Amino acid sequence: MQITLSGVRVEGRRDPMLEATDLAWSTGECLLVAGEPGHGHTALALVATGRFVPSSGTVRLDGAAVPPSALRARTAVVDVPGISEPDDALSLADVVAEGLALAGRRSLPRDVTRWLDERALTEDRGRRVDQLPGVVRTAVLAALATENSDVRFVVLTLPDRHGGEPSGWWETARTLAASGLGVLVQCTRSSARDLGVDLPPARGATLHEPPQVVLREVPGAPEEPAATAVLPATEPEPDAPAVEPEPAAEPEPEVEDELEPSPEPDARAEEELDEPLAEPPRAGTPVDDTPVDDTPVDDTPVDDTPVDDTPIHDSLAATPADDAQEEAR
């Protein structure tokens with residue numbers, strides 16, 4: 001959804017409350033509008049949300065002219081001075097109960113307690129609104145304004161007037177925008193500079209110069225950094241394919257070649273080839289030859305000596321006796 005202001009101008013009794021202004025903001029984005037107090041912040045917030053009829057110009061919703069009531073049903077103004085700001089004498093619990101009731105939600109004491117517990121604000125329920133830190137005040141009022149599910153656009157008017165760091169309430173606005181709401185934040189020029197906006201000096205500015213759009217952000221769009229991450233990825237892509245096919249093709253044949261010669265089964269196969277070659281010479285005594293080769297020394301002397309000793313002794317014993325008998329004879 002989008003709200004578009006074209007040449008919107010609001011006349012006052014003596015001076016214009018808002019000079020001709022062109023503005024457009026959509027759901028899901030934060031829009032920062034900077035201008036000095038008294039330069040039409042309140043008139044701009046009321047005209048943009050259908051709570052004030054412009055003297056000239058048009059306000060359209062999604063490009064169509066709609067009645068102010070339809071625009072009011074889709075929008076909420078937060079902490080507008082003299083319009084929607086809470087009474088400073090009210091406690092935080094009272095403000096929460098009132099905000100829930102305006103959003104069409106049940107606002108019994110237990111509902112208020114539950115709402116505060118969910119946001120870790122139970123200890124502050126009895127504090128006056130003007131005692132709350134500026135960032136907490138803005139966050140509470142913005143959360144209450146968005147309790148109505150019909151609200152799609154939120155205007156935060158001059159949250160910096162309550163003090164605190166601008167980064168605090170700007171982060172609140174970014175969180176609302178990330179949830180799908182369109183957020184228009186109005187602040188002073190000095191606060192915009194604190195947020196990093198480079199604003200030139202206001203030379204020749206009149207008291208009725210309207211606030212100017214100085215910053216537009218879409219917090220819920222992380223595709224931009226992702227797109228930048230894709231750009232460097234595309235640069236090495238031409239190098240990557242040239243390198244990838246070479247190692248991809250090389251390891252496959254290399255692994256196959258390494259697997260064939262390196263493993264043990266191939267070496268064993270070679271040993272088996274050597275063994276059958278040795279078998280033919282051992283055809284006569286294949287089994288006896290292998291142990292005989294292991295202990296060749298023991299076979300030759302031991303086998304010959306016992307066999308030779310027995311017949312030699314017998315011959316020696318027989319030869320002298322026969323000789324003696326022959327001599328006696």
Side-chain angles (χ1 to χ4, degrees), residues 2-26 29-61 63-88 102 134 137-138 141-142 145 151-162 166 169-170 173 181-193 195 197 199-216:
Q2 186 180 47
I3 294 178
T4 306
L5 283 68
S6 301
V8 172
R9 178 184 173 91
V10 178
E11 296 290 348
R13 291 185 177 180
R14 293 182 296 272
D15 297 322
M17 298 174 60
L18 179 65
E19 291 287 354
T21 302
D22 296 329
L23 179 67
W25 96 94
S26 306
E29 71 175 359
C30 283
L31 201 64
L32 185 66
V33 178
E36 296 306 318
H39 286 200
H41 286 290
T42 300
L44 177 61
L46 298 180
V47 169
T49 58
R51 288 164 174 79
F52 200 90
V53 179
S55 303
S56 61
T58 59
V59 181
R60 298 179 180 273
L61 178 63
V66 296
S69 59
L71 196 58
R72 288 196 301 270
R74 291 291 186 179
T75 60
V77 290
V78 177
D79 210 13
V80 180
I83 304 296
S84 62
E85 63 179 353
D87 190 345
D88 292 340
L102 292 175
R137 173 191 175 113
T138 301
L141 297 179
V151 172
R152 305 301 302 158
F153 296 91
V154 179
V155 180
L156 307 181
T157 303
L158 297 176
D160 48 355
R161 73 184 191 274
H162 301 296
W169 46 259
W170 180 245
L181 299 174
V183 185
L184 176 65
V185 184
Q186 300 172 312
C187 69
T188 61
R189 295 170 65 88
S190 61
S191 296
R193 291 190 183 94
L195 293 175
V197 179
L199 287 177
R203 294 192 180 95
T206 64
L207 180 63
H208 308 294
E209 183 179 0
Q212 301 294 324
V213 177
V214 296
L215 181 61
R216 189 184 299 267

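Being a predicted model, the structure only gives us computed values, none of them experimental.
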In Å and rounded to the nearest 0.5 Å, what is the [atom1] to [atom2] distance from [X] to [Y]?
| X | Y | atom1 | atom2 | result |
| --- | --- | --- | --- | --- |
| Thr4 | Leu61 | OG1 | CG | 8.5 Å |
| Phe153 | Leu71 | CZ | CG | 8.5 Å |
| Cys187 | Trp170 | SG | CH2 | 8.0 Å |
| Arg13 | Asp15 | CZ | CG | 12.5 Å |
| Asp160 | Ser190 | CG | OG | 6.5 Å |
| His162 | Leu141 | NE2 | CG | 7.5 Å |

Practice problem: Tell me, please, which residues at least two apart from Arg60 pass salt bridge (charged side-chain N to carboxylate O under 4.0 Å, His left out). | Solution: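 Per chain and number, Arg60 pairs via salt bridge (charged side-chain N to carboxylate O under 4.0 Å, His left out) with no residue.
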Should [X] and [Y] count as side-chain neighbours, where that means a heavy-atom distance under 4.5 Å?
| X | Y | answer |
| --- | --- | --- |
| Glu85 | Arg137 | yes |
| Val8 | Phe52 | no |
| Val59 | Val47 | yes |

Practice problem: Could you walk me through whether Leu184 and Leu23 pass the side chain to side chain contact (heavy atoms under 4.5 Å, CB included) test, one step at a time? | Solution: CA-CA 10 Å; Leu184 176 65; Leu23 179 67; 4.1 Å; yes
Mind listing the closest non-hydrogen atom pair of [X] and [Y] along with its distance?
| X | Y | result |
| --- | --- | --- |
| Arg189 | Leu199 | O-CD1, 3.7 Å |
| Ala34 | Thr188 | CB-O, 4.2 Å |
| Pro16 | Glu19 | CG-OE2, 3.3 Å |
| Gly40 | Leu18 | O-CD1, 3.9 Å |
| Val10 | Pro54 | CG2-CA, 4.3 Å |
| Leu31 | Ala24 | CD2-O, 3.7 Å |

Exercise. Take Trp25 and Val213 through the side chain to side chain contact (heavy atoms under 4.5 Å, CB included) test and state the conclusion after the steps.
Key: CA-CA 10 Å; Trp25 96 94; Val213 177; over 6 Å; no
Exercise. Take Cys30 and Val185 through the test side chain to side chain contact (heavy atoms under 4.5 Å, CB included) and record every step on the way to the result.
Key: CA-CA 7 Å; Cys30 283; Val185 184; 5.6 Å; no
Can any side-chain N or O of [X] pair as donor or acceptor with the backbone N or O of [Y] at less than 3.5 Å?
| X | Y | value |
| --- | --- | --- |
| Gln212 | Pro210 | yes |
| His41 | Thr157 | no |
| Glu11 | Ser55 | no |
| Asp79 | Pro159 | no |

Self-check item: Under the side chain to side chain contact (heavy atoms under 4.5 Å, CB included) test, residues paired with Arg51 that sit two or more places apart
Solution: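 Side chain to side chain contact (heavy atoms under 4.5 Å, CB included) list for Arg51, sorted by chain: Leu46, Thr49, Arg72, Thr75, Val77.
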Exercise. Would you sort out whether Arg152 and Leu181 count as a side chain to side chain contact (heavy atoms under 4.5 Å, CB included), showing the intermediate values?
Key: CA-CA 5 Å; Arg152 305 301 302 158; Leu181 299 174; 3.9 Å; yes
